[in-house]
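Okay, so here's the structure we're looking at.
Numbered from 1 within each chain, the chains take letters A, B, ... in sequence-line order.
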Amino acid sequence: MSNKKISSREEDYSQWYNDLVIRGNLADYSSVRGCMVIKPHGYAIWENMKDALDKMFKDTGHVNAYFPLFVPKHLFEAEEKNAEGFAKECAVVTHYRLKNDPENPGKLIVDPEAKLEEELIVRPTSEAIIWSTYKNWIQSYRDLPLLINQWANVVRWEMRTRLFLRTAEFLWQEGHTAHATAEEAIEETERMLDVYETFAREYMALPVYKGVKPEHEKFAGAEKTYTIEAMTQDKQAIQAGTSHYLGQNFAKAFDVKFQNKEGVEEYVYATSWGVSTRLIGTLIMAHSDDEGLILPPKLAPIQVVIIPLFMKDAAVNNMLIEKAQELKNQLLSHNIKVKVDLDESKRPGFKFAEYELLGMPVRVVIGPRDLEQGKIEICRRDTKEKYLSDLMHADLHINQLLVDIQHNIYDKALKFRTDNTFEVVDYEEFKDVIQHKGGFVIAYWDGLEETANKIKTETKATIRCIIQNNEDSSKLCVYSKNKAKHKVIFAENY
RNA sequence: CGGGGUGUAGCGCAGCUUGGUUAGCGCACCUGGUUUGGGACCAGGGGGUCGCAGGUUCGAAUCCUGCUACCCCGACCA
């Protein structure tokens, strides 16, 4: 570790974020442009997210499957809007073999004789390959609904990348479902948005706004895109998950029809929905502080770390270790994820700082001084408050503390969002909020892309989502002063 | 793709303007000792084709040319 301190949010928010990712052992840059290595600590968070989400998907009737990484070009281009939307950020496989370079011994060149008949697109999303498969799986209304999810990696050749928030390759889940009716598909789209909202709230301790993307911001190939939007500590918006109602667009493009009960052939109705490793970036930006990561207990790879304070005296040290192991076993019986740090080469102060950086929710210190009174020291990461607790009942205290921390982090994030969300009717006030205070601005919009573009050019703020359609004829667009179509959230965004 | 910047030990950097024996510092690492209740200290030690290729020169990390990679700002985006 080169520097003791990480950058503060105040002086350089962006650098603070990078420092946390790198120094917090979540991920590292790799030798591939735009691609990151997810390190064990970061991957463990992803595994916890994955486990929780996977259960929620299964509880709502979905099953997992896996589809190929490569999409033949003719399938990729089948749904025109989808293809057009992703075309400019696709990695393409054109050859299948290398050979020794005759000019440069020890070097390899692409074998020109190994050119593929048809290029393969590395999936930026899997609708094409999946719907070309669904065609074979769906004949009857009895085959519906088809509720499938896949955990996968995808590649989008982004111009500028940022660890977790926008990488060229990322991990995600993508649900792809087929339904007999539009109503049922829309219901599914909204159900999965609710799943994401619940996951964000209960596991990530993250309040999110649910809403619908305006026409000009919806997913390429979708009829309607739903989104959850979170607020970061620099008061910007971040899209944390999306759920799309695809109508019959993909069914038509891939000719996926079923016979209904009346024997009539119909195209099926589709949805797709996904969240990615971007959630890890969102988690950091929402909760962490200048000391390091703050992880919600429900997603922390290790929830409690126990540090015995070693002395010269071996007998004392053995006693400390024994007490630490006892407490560990007590905590394990509550299904708490716990680690005992027996490393004697690091001093306590170093360990305290290190575990704060890594975001362990609770730290327990077992030292001879307190132990004489049968006490141990418990420190919570979110507030850094310290308590003395009876060793005997420490497991109960800690169990409760983990619950309190989970709630406190949520409450804090909610308060921050509330304090930084403003409802405005006047455009001057709108500009003032966006440019000087920052945050979410709730305002009315006339529904025109042109208006949204003007606002974006003048303030950098974009429409994050429509939270309500407007019926009230007295409500006017904050910019154009024409009759408003929607109540929306504006913000600068990641 | 436009504008700017940087490549010297695992990481962060100095040295380059004004070329000169053995390329230096901090952190990290290894060994030994003393320490241990908020990022320990002392002593010793290991680690470098100075981004790549060519040129100028008696001599290049340093000057010149070309290339390349990465970072930042913009356009684009989950």
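- The closest side-chain donor-acceptor pair between D54(A) and W151(A) falls under 3.5 angstrom.
- Comparing atom distances between the E356(A) side chain and each of G38(B), G39(B), C76(B) picks out G38(B) as nearest.
- Comparing A61(B) with C50(B), their P atoms are spaced 7 Å from each other, to the whole Å.
- The distance from atom CG of D343(A) to atom P of A40(B) is 12 Å, rounded to the nearest whole Å.
- Evaluation of atom-type donor-acceptor distances gives a pair under 3.5 Å for the side chain of K386(A) against the base of G38(B).
- Among the atoms of the strands shown, only primed sugar atoms or phosphate atoms (P, OP1, OP2) are found under 4.0 Å from some heavy atom of K88(A).
- Between R347(A) and G37(B) there is a side-chain N or O to OP1 or OP2 distance below 4.0 Å.
- Regarding M159(A), its CE atom lies at a distance of 18 Å from the C1' atom of C70(B), rounded to whole Å.
- With the nearest nucleotide of RNA chain B identified for both L371(A) and K456(A), L371(A) has the one nearer the 5' end.
- Following rounding to the nearest Å, K384(A) (NZ) and G37(B) (P) show an atom-to-atom distance of 16 Å.
- Within 4.0 Å (heavy atoms only), L165(A) reaches at least one base atom of the nucleic acid.
- Rounded to an integer number of Å, the gap from D12(A) CG to C71(B) C1' is 13 Å.
- Closest contact between the side chain of C379(A) and the listed nucleotides G38(B), A78(B), C76(B) involves G38(B).
- Pairing for A53(B) is with U65(B), a Watson-Crick or G-U wobble pair whose two hydrogen-bonding atom distances lie under 3.5 Å.
- Searching all strands for a Watson-Crick or G-U wobble partner of A9(B) with both distances below 3.5 Å returns nothing.
- A14(B) is unpaired under the Watson-Crick or G-U wobble criterion, no partner having all donor-acceptor distances under 3.5 Å.
- Protein atom CD of E89(A) is 16 Å distant from nucleotide atom P of A75(B), rounded to whole Å.
- Side-chain atoms of V365(A) lie closest to G37(B) of the nucleotides G37(B), G39(B), A78(B).
- Distance noted for atom P between U18(B) and C64(B): 10 Å (whole Å).
- In this structure, G47(B) makes no Watson-Crick or G-U wobble pair, since no nucleotide meets both defining distances under 3.5 angstrom.
- The nucleotide C1(B) finds its pairing partner in G74(B), both defining distances of the Watson-Crick or G-U wobble pair being shorter than 3.5 Å.
- Proximity note for E354(A) (side chain, C-beta onward) versus G37(B), G39(B), A78(B): the nearest is G39(B).
- OP1 or OP2 of U35(B) lies within a sub-4.0 Å distance of a side-chain N or O belonging to K312(A).
- Side-chain polar atoms of S7(A) and D12(A) form no donor-acceptor pair below 3.5 angstrom.
- Taking the P atom of each, U57(B) and C52(B) are spaced 23 Å apart, rounded to whole Å.
- Across G45(B) and G5(B), the matching P atoms stand 42 Å from one another, rounded to whole Å.
- A donor-acceptor contact under 3.5 Å links the side chain of R363(A) to the base of G38(B).
- Distance check on atom C1': G51(B) versus C71(B) gives 15 Å, rounded to whole Å.
- Counting only heavy atoms from C-beta on, Q239(A) has its side chain closest to A78(B) among G39(B), G37(B), A78(B).
- Put simply, CZ on R162(A) is 11 Å from P on G74(B), counting in whole angstrom units.
- Side-chain contact check for Q236(A) and N493(A): no donor-acceptor pair (N or O, by modelled atom type) lies under 3.5 Å.
- Relative to the side chain of R278(A), the nucleotides A78(B), G39(B), G37(B) differ in distance, and A78(B) lies closest.
- Within 4.0 Å of F170(A), counting heavy atoms only, lies at least one base atom of the nucleic acid.
- Side-chain contact of D341(A) with Y355(A): a donor-acceptor pair under 3.5 Å is present, judged by distance alone.
- The C1' atoms of C27(B) and G39(B) are separated by 12 Å, rounded to the nearest whole Å.
- For G32(B), the paired base is C42(B) (Watson-Crick or G-U wobble, both distances below 3.5 Å).
- Regarding F350(A), its CZ atom lies at a distance of 12 Å from the P atom of G39(B), rounded to whole Å.
- Checking each of M360(A), E354(A), K351(A) against V305(A) for a side-chain contact (heavy atoms from CB on, under 4.5 Å) leaves exactly one that passes, namely M360(A).
- A donor-acceptor contact under 3.5 angstrom links the side chains of W273(A) and T271(A), judged on distance only.
- Comparing the C1' positions of G15(B) and C30(B) gives an interatomic distance of 28 Å, to the nearest angstrom.
- One finds the OH atom of Y209(A) at 15.5 Å from the CD1 atom of I466(A) (value rounded to the nearest 0.5 Å).
- Protein atom CG of D28(A) is 12 Å distant from nucleotide atom P of C71(B), rounded to whole Å.
- With both ends at atom P, the span from G7(B) to G59(B) equals 26 Å, rounded to whole Å.
- Within 4.0 Å of T462(A), counting heavy atoms only, lies no atom of the nucleic acid at all.
- Residues H176(A) and E174(A) are in side-chain contact: their nearest non-hydrogen atoms beyond the backbone lie under 4.5 Å apart.
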